[in-house]
Amino acid sequence: MHLKSLMINNISTQKRTKKKACILPLIFCLLLTGCSASSSKQNGSSDSAVKQSASESLSAKSDSAEHTAAGEKEQTAASALSSDKAEEASVDFFAMDTYMMITVYGDQAEELAEKAKKEVQRLDSLLSTGNPESEVGKINAGGGGVLSEDGQYLMKRSLELWKETDGAFDLTVYPLMELWGFTDSSFKVPSDDDLKKALTLVGSDMVKFDEATGETAFAIEGMKIDFGGIAKGYASSQVVSLLREAGAEHAMVNLGGNVQALGGKPDGSDWRIGVRMPDGTNDIMCVLSIRDCAVITSGGYERFFEEGGKTYHHILDPKTGRPADNSLLSVTVVSEDGTSADALATALFIMGEEKAEEYWREHRTEFNLILAMADGSVKVTEGIAERCKTELPLTVIRADAK
C-alpha cells in the first residue's frame with residue numbers, strides 16, 4: 001500500500017438521541033519516502049528532557065507519504081515504491097473487521113503475497129468473536145472447548161501478559177465490551193449495577209487452561225474470551241515468519257494499521273513510519289526509522305461515542321469496567337514481536353504513564369515506547385530516541401531514571 005499523499009481519515013459517525021459515536025482506524029501510521037536512514041541527534045544527552053526539531057522530515061508530509069497504515073479501504077490506493085529493481089506485489093483485503101494490505105518485494109512476490117493473505121484469512125476464521133462457527137465463537141457459546149495450536153499459543157501468551165501487566169491485559173473483557181455496545185455499535189453508558197454484574201465475568205484467573213491438551217473452560221457461566229487485543233499482532237508476526245521462511249527479504253505488512261516490516265526497504269534504507277497525532281487529524285506526531293519490527297498504537301481516540309456531553313472510548317480497564325482515564329492519549333509499542341506489541345499497546349495505555357514506564361524498564365530489551373501525552377508533549381524510550389523525530393516537546397525515558 002503506497003500513497004503519494006496522505007489521506008484524511010474518514011470518521012464514521014453514528015447518531016442517536018443525545019449520542020454521537022466516532023470510529024477511527026486502529027493505528028495512525030504512515031510510511032514516508034524521501035528520507036534517509038540517518039538518525040536525529042539528541043541535544044544534551046545527559047538530560048532526560050530532549051527537544052528535537054524534525055521540520056526537515058515532517059514538512060514533506062503532504063507529498064511524501066508513500067504508504068498509510070490507517071486501515072480504511074479508501075486509504076489503501078497503491079503506487080509504486082521508488083525502486084525499479086525489486087519485483088513488487090500487493091494484496092488488499094478485508095479481514096478481522098478492517099482493511100488490510102500486504103506488500104512483498106523480490107522473487108515470487110505475487111505468490112507470496114497471496115499466501116500471506118490466506119494466512120491472515122485462516123486466522124480470522126479461527127479467532128473471530130463475531131463468527132459463531134469460529135473456534136472462539138464456539139468456545140464462548142459452549143463455555144469451553146479445545147483450542148487449536150494457534151489458539152493455544154494465544155491463550156498461553158495472553159495469560160502470561162495478564163500476570164505481567166497486573167491484569168491490564170485481559171482477554172475476558174468481552175462481556176464489558178458488549179455491555180458498553182462496542183461490539184455491535186449499540187453504544188450506551190451502563191448503570192453501576194450492570195457494570196458490577198459484568199465485572200463478575202471478567203478475570204483471566206477464572207480461565208481454566210490445560211497447556212498439554214488445549215482444553216479450555218470458564219469458572220463462571222457467561223464468561224467469554226476475545227483475542228482481539230492480540231490477534232492482529234500475532235497475524236502480522238505469522239505472516240512475516242511465513243515470508244521469511246519462503247526467502248523474502250523485504251515486505252510491509254499492514255493489518256488494519258498494525259504495521260510490521262520484514263527487513264528494510266529494497267533500496268537498503270530504513271522504512272520511515274509517521275505516527276499520527278492522537279486527535280483524529282492527519283497531522284504527524286513523530287517520524288520513526290525502522291526495520292524488522294512492528295509498530296502498533298492504541299489510543300482512546302480510535303473508537304468512541306459521546307453521551308451527555310462526555311466522551312467514552314473503547315479501551316476499558318478490566319478492574320473498573322470503565323474507559324481508562326489517565327494522562328496518556330496514545331501508546332505506540334515498537335518491537336520485533338508483533339504479538340506482544342499488540343497486547344502491550346493496549347495494556348500500557350490502561351496502566352498509565354508511570355506504570356507504563358516502569359514496565360518498560362523491567363522489559364526494555366523486548367520493546368520500546370512512544371507515549372503521546374495529554375499536555376501535547378511526546379515521551380520516547382531511549383532505545384529509539386535517536387530514530388524518532390518530532391516538532392513537539394520530547395522527553396527521553398531512560399532506563400536509569402529514579
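The structure presented is a predicted model; accordingly, all values stated were derived computationally and were not measured.
- Annotation for P323 and H313: closest pair CG-O, 3.4 Å, computed over non-hydrogen atoms.
- Residue T332 forms a side-chain contact (heavy atoms from CB on, under 4.5 Å) with just one option from N368, L348, V275, and that option is V275.
- In this structure, T381 contributes its side chain and L369 its backbone to a donor-acceptor pair below 3.5 Å.
- Counting only residues at least two apart or on different chains, no ring pair (Phe, Tyr, Trp, His ring centres under 6.0 Å) pair has a member in residues 317-341.
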Donor-acceptor list for residues 192-206 side chains, cut-off 3.5 Å, not counting sequence neighbours:
residue: D192; atom: OD1; partner: R322; partner atom: NH2; Å: 2.6
residue: D194; atom: OD2; partner: S191; partner atom: OG; Å: 3.3
residue: T200; atom: OG1; partner: K197; partner atom: O; Å: 2.4
residue: S204; atom: OG; partner: D170; partner atom: OD1; Å: 2.8

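- With rounding to the nearest 0.5 Å, the separation of CH2 in W360 from CG in L344 is 14.0 Å.
- Rounded to the nearest 0.5 Å, atoms CD (E302) and OG (S330) are 8.0 Å apart.
- At least one donor-acceptor pair under 3.5 Å links the side chain of S237 to the backbone N or O of G338.
- Side-chain atoms of R291 come within 3.5 Å of backbone atoms of G268 as a donor-acceptor pair (strictly under, hydrogens ignored).
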V378 and L371: CA distance, side-chain angles, deciding distance, side-chain contact (heavy atoms from CB on, under 4.5 Å) verdict: CA-CA 6 Å; V378 177; L371 306 179; over 6 Å; no
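- Taken from CD in Q260 to CD in Q238, the straight-line distance is 10.0 Å, to the nearest 0.5 Å.
- For E119, the CD atom sits in a packed shell: over 12 heavy atoms of surrounding residues, nucleotides or ligands are nearer than 6.0 Å.
- Using modelled atom types, one side-chain atom of Q152 and one backbone atom of L147 make a donor-acceptor pair closer than 3.5 Å.
- Each of F304, Y174, Y312 was compared with W180 under the ring-ring contact (aromatic ring centres under 6.0 Å, His included) criterion, and only Y312 meets it.
- For the residue pair D279/T281, the side-chain donor-acceptor check at 3.5 Å is satisfied.
- Taking all atoms of both residues into account, the shortest heavy-atom contact from G222 to P175 is O-CG, 4.2 Å.
- The two atoms that bring A168 and I350 nearest to each other are O-CD1, 3.5 Å, heavy atoms only.
- To the nearest 0.5 angstrom, I370 atom CD1 is 6.0 Å from M285 atom CE.
- Under the 3.5 Å distance criterion, with hydrogens and angles disregarded, a donor-acceptor pair is assigned to the side chains of D375 and S377.
- Side-chain contact check for T129 versus F227: every heavy-atom pair is 4.5 Å or farther apart.
- Two residues are said to be in side-chain contact when any heavy atoms from C-beta on lie closer than 4.5 Å; I230 and F169 meet this criterion.
- Residues M96 and A235 come closest through the heavy atom pair CE-CB, 3.9 Å.
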Derivation and outcome, salt bridge (charged side-chain N to carboxylate O under 4.0 Å, His left out), residues K115 and E111: CA-CA 6 Å; K115 285 185 177 180; E111 178 184 347; 3.5 Å; yes
Salt bridge (charged side-chain N to carboxylate O under 4.0 Å, His left out) between R244 and D292, worked out: CA-CA 11 Å; R244 183 179 284 115; D292 277 321; 3.3 Å; yes
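- For the residue pair S128 / S134, no side-chain donor-acceptor distance below 3.5 Å is found, with atom types taken as modelled.
- Two rings, from Y153 and Y234, have their centers less than 6.0 Å apart.
- Between E110 and V91, every side-chain heavy-atom pair lies at or beyond the 4.5 Å cut-off.
- Salt bridge present: K224 and E178 bring a charged side-chain N and a carboxylate O closer than 4.0 Å.
- At a threshold of 4.0 Å, the pair D270-R387 does not count as salt-bridged, since none of the basic side-chain nitrogens sits closer than that to a carboxylate oxygen.
- Taking the six-membered ring where tryptophan is involved, the planes of F182 and H314 are perpendicular, since the angle between them exceeds 60° and thus also 30°.
- With contacts defined as side-chain heavy-atom distances shorter than 4.5 Å, the pair L127/D124 does not qualify.
- Remark: side-chain polar atoms of E307 are not paired, donor with acceptor, to backbone N or O of K188 under 3.5 angstrom.
- For CG of D107, the number of neighbouring non-hydrogen atoms (other residues, nucleotides, ligands) closer than 6.0 Å is 12 at most.
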For the pair D337 and S335, evaluate side-chain hydrogen bond (donor to acceptor under 3.5 Å, both in side chains) and give the outcome as yes or no after the intermediate values. CA-CA 5 Å; D337 179 6; S335 174; 5.5 Å; no
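- Residues V173 and D226 have side chains not in contact (no heavy-atom distance under 4.5 Å, counting atoms from C-beta outward).
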Take N326 and M351 through the test side-chain contact (heavy atoms from CB on, under 4.5 Å) and record every step on the way to the result. CA-CA 8 Å; N326 53 56; M351 292 165 68; over 6 Å; no
V120/F93 under side-chain contact (heavy atoms from CB on, under 4.5 Å): CA gap, chis, key distance, verdict: CA-CA 10 Å; V120 175; F93 56 100; 3.8 Å; yes
Salt bridge (charged side-chain N to carboxylate O under 4.0 Å, His left out) evaluation trace for K355 with D166: CA-CA 10 Å; K355 290 184 178 180; D166 191 27; 5.1 Å; no
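- Between Y105 and W271, the ring-plane angle classifies as tilted under the 30° and 60° cut-offs.
- Between S125 and N131, the shortest heavy-atom distance links the atoms O-ND2, 4.1 Å.
- A salt bridge links K379 to E357: at least one charged side-chain nitrogen sits closer than 4.0 Å to a carboxylate oxygen.
- With a 6.0 Å radius and a threshold of 12 heavy atoms from other residues, nucleotides or ligands, E215 has its CD atom above the threshold.
- Ion pairing between a basic and an acidic side chain is recognised when a charged N comes within 4.0 Å of a carboxylate O; E358 and R361 show no such pairing.
- Here the side chain of D342 pairs no donor or acceptor atom with the backbone of I296 at under 3.5 angstrom.
- For the atom pair E336 CD and C293 SG, the distance stands at 7.5 Å (nearest 0.5 Å).
- The environment of D325 atom CG is sparse: at most 12 non-hydrogen atoms of other residues, nucleotides or ligands sit within 6.0 angstrom.
- Put simply, CG on L328 and CD1 on I315 are 10.0 Å apart, with the number rounded to the nearest 0.5 Å.
- Salt bridge K118/E114: absent, no basic N to carboxylate O contact under 4.0 Å.
- Residues A251 and L243 come closest through the heavy atom pair CB-CD1, 3.7 Å.
- Of the candidates R157, E366, E160, S340 forms a side chain to side chain donor-acceptor pair (under 3.5 Å) with just one, namely R157.
- Contact check for T98 versus L255: no side-chain heavy atoms found under the 4.5 Å cut-off.
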Go through the steps to decide whether K156 and F209 satisfy the test side-chain contact (heavy atoms from CB on, under 4.5 Å), and finish with yes or no. CA-CA 8 Å; K156 180 180 178 180; F209 173 59; 4.2 Å; yes
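- Without hydrogens or angle criteria, T165 side chain to K163 main chain gives no donor-acceptor distance under 3.5 Å.
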